[in-house]
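Written below as structure tokens is the structure these notes are about.
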Amino acid sequence: MLRIIGNKIILFIVSRYLSYFIQFLNSLIIAYVLGPFYLGIWGFLALILQYMNFGNFGIDIALNVNLSTGDIKDVQKQSNLASNAVFATFISCTLYLLIGVVLYLFDFALFEKYMFTRFMLVVILISCMNYFNVLFLNIFRTYSLFTPISIFQTILQALQLPMFLFFKDVELIWALLVMMIAAHFISMIIFIRKMPLTLHWKIDYSLVKSLYKRGASLLSYALTFYILLLSTRSMVGYFYPVETMGYFTFSANIASALIVGLSSLEFVLFPKMLNRLSSDSISEKTLTTFEEIRYIYMSTAFLATAIGLLSYPVLLLFFKEYEGTESVFTYLVICQVIISSGFGYSTLIISKGREQFLVVHGLVALFINLALSYVAHKIFNCGYSIMALLLI
């Protein structure tokens, strides 16, 4: 286990936890300064950004899987993969920017209660910059070059943190968005300067097509499971007042902060696990290591959950505006632990190129969740905490 992780990865995980701590501090300060109404608007914009994360048609996921399961010493092939993935991402960004400009010029009113039209073009720009940076991140991740990744994941939180000293309400929301643009721009420059591969513009359209095809399949898997959480936030955002979206966003941010640290381990080990599990015959040693990693991961998840459930009532003593969110927080935390329990097994399935089986199960779960949420609100007029309970 220690041989797989290594010292530089331990340092990276430590830096990730520092980033998560700043992010957690940010979320608390933003919630305190904005209050439930404006936090509801910020939470809705964050929700749109999360949906837009999937808008690159899975190119970043396909690149990560292809680089990890291929021969890392074949520099030319790896370079071709990365270069064509960048070109495919350029196509995606051009499409979204054109759509955004058309909607803006024709003054389409979208999600008026959240003032989304005012922020639309900025949100699209941030998403496009994020597509490129996530793509670069996956290249560096494959080659175990973690310093630029640490900078990328920390700089955003560091730039946003002091904004509450100078702005509030809508002005604070604008300041946070501008800092996201600045952070992505700085990170993009760092990634390009430190790139381990030579990128070129010799486009192989058959390779671009294969990236889109594999990416769409992998994206379908990622989307169907991840969207379970997003769909609940969407239901709350659509059916309930802006303030309720603020309450839900507060609980969801704290719940995510408990489990998000585990993503550091998954982030580091995913390419290595793909590489080892993709072989035709899996050794006994690999299986033993696989089980050890799962044990550590799940033990940490249950420990984090217990600490969170005990600490949340204490946290609410300092955030009186968000009292009454204990139940929704509890449901969200339990749900995230259940979803994360599939760690490792899904990697094994993906390494064998059979992610379509995961897609089917994910779509069934998503359909059941959406149907029950609709019925709970429209027929039984349930409170918003029930939306989180239905996730379980």
Side-chain angles (χ1 to χ4, degrees), residues 16-17 19-32 34-36 39-40 42-51 53 153 157 160 222 225-237 239-240 243-267 297-343 365-366 369 372-373 376 382-392:
R16 288 266 290 196
Y17 272 95
S19 173
Y20 291 141
F21 175 75
I22 300 175
Q23 180 181 348
F24 177 68
L25 190 62
N26 259 343
S27 65
L28 292 180
I29 294 174
I30 290 171
Y32 181 81
L34 288 179
L39 182 63
W42 174 246
F44 181 80
L45 294 179
L47 177 64
I48 296 297
L49 285 169
Q50 286 179 295
Y51 273 116
N53 285 342
Q153 294 173 336
Q157 309 304 328
Q160 285 187 332
F225 282 91
Y226 187 72
I227 209 173
L228 279 172
L229 296 174
L230 294 186
S231 64
T232 299
R233 292 180 66 179
S234 302
M235 286 289 192
V236 173
F239 287 125
Y240 297 89
E243 290 85 350
T244 302
M245 184 64 173
Y247 298 137
F248 193 90
T249 298
F250 179 80
S251 299
N253 286 345
I254 306 303
S256 298
L258 289 175
I259 307 298
V260 76
L262 291 172
S263 65
S264 299
L265 186 62
E266 183 176 0
F267 180 90
Y297 186 91
M298 292 310 303
S299 298
T300 307
F302 284 118
L303 178 61
T305 300
I307 293 173
L309 292 175
L310 293 173
S311 304
Y312 192 74
V314 178
L315 181 66
L316 290 182
L317 296 176
F318 302 93
F319 292 85
K320 298 290 186 180
E321 289 182 292
Y322 300 96
E323 286 183 346
T325 58
E326 295 90 340
S327 58
V328 67
F329 172 78
T330 301
Y331 301 148
L332 287 172
V333 170
I334 294 174
C335 175
Q336 291 199 68
V337 171
I338 293 174
I339 292 176
S340 64
S341 65
F343 169 74
L366 177 61
N369 175 255
L372 290 177
S373 297
C382 295
Y384 74 98
S385 62
I386 297 300
M387 298 294 179
L389 176 62
L390 293 175
L391 278 169
I392 302 174

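Given the structure is predicted, the values throughout are model-derived calculations rather than measurements.
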Dump the intermediate steps for side chain to side chain contact (heavy atoms under 4.5 Å, CB included) on L315 and F250, then the final yes or no.
CA-CA 11 Å; L315 181 66; F250 179 80; 4.2 Å; yes
For [X] versus [Y], what's the shortest heavy-atom pair and its separation?
{"X": "V333", "Y": "A255", "answer": "CG2-CB, 3.7 Å"}
{"X": "L39", "Y": "G246", "answer": "CD2-O, 3.4 Å"}
{"X": "L310", "Y": "V314", "answer": "O-CG2, 4.2 Å"}
{"X": "M245", "Y": "G40", "answer": "CG-O, 3.6 Å"}
{"X": "T249", "Y": "G43", "answer": "OG1-CA, 3.6 Å"}
{"X": "T325", "Y": "Y322", "answer": "OG1-O, 2.8 Å"}

Mind checking the [atom1]-[atom2] spacing from [X] to [Y]? Nearest 0.5 Å is all I need.
{"X": "I22", "Y": "L25", "atom1": "CD1", "atom2": "CG", "result": "8.0 Å"}
{"X": "I29", "Y": "Y32", "atom1": "CD1", "atom2": "OH", "result": "11.0 Å"}
{"X": "F248", "Y": "Y240", "atom1": "CZ", "atom2": "OH", "result": "10.0 Å"}
{"X": "I30", "Y": "W42", "atom1": "CD1", "atom2": "CH2", "result": "6.0 Å"}
{"X": "I334", "Y": "L309", "atom1": "CD1", "atom2": "CG", "result": "6.5 Å"}

Please check if the side chain of N26 supplies one atom and the backbone of Q157 the other of a donor-acceptor pair under 3.5 Å.
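Confirmed, N26 side chain pairs with Q157 backbone.
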Heavy-atom donor-acceptor pair, E323 side chain to E321 backbone, under 3.5 Å
no
Check the angle between the aromatic planes of Y312 and F329 and answer parallel, tilted or perpendicular using the 30° and 60° thresholds.
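Answer is parallel, since the angle falls under 30°.
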Is it the case that over 12 heavy atoms from other parts of the model lie below 6.0 angstrom from the CZ atom of F302?
no
Taking C-beta and beyond as the side chain, do F24 and I254 meet within less than 4.5 Å on heavy atoms?
yes
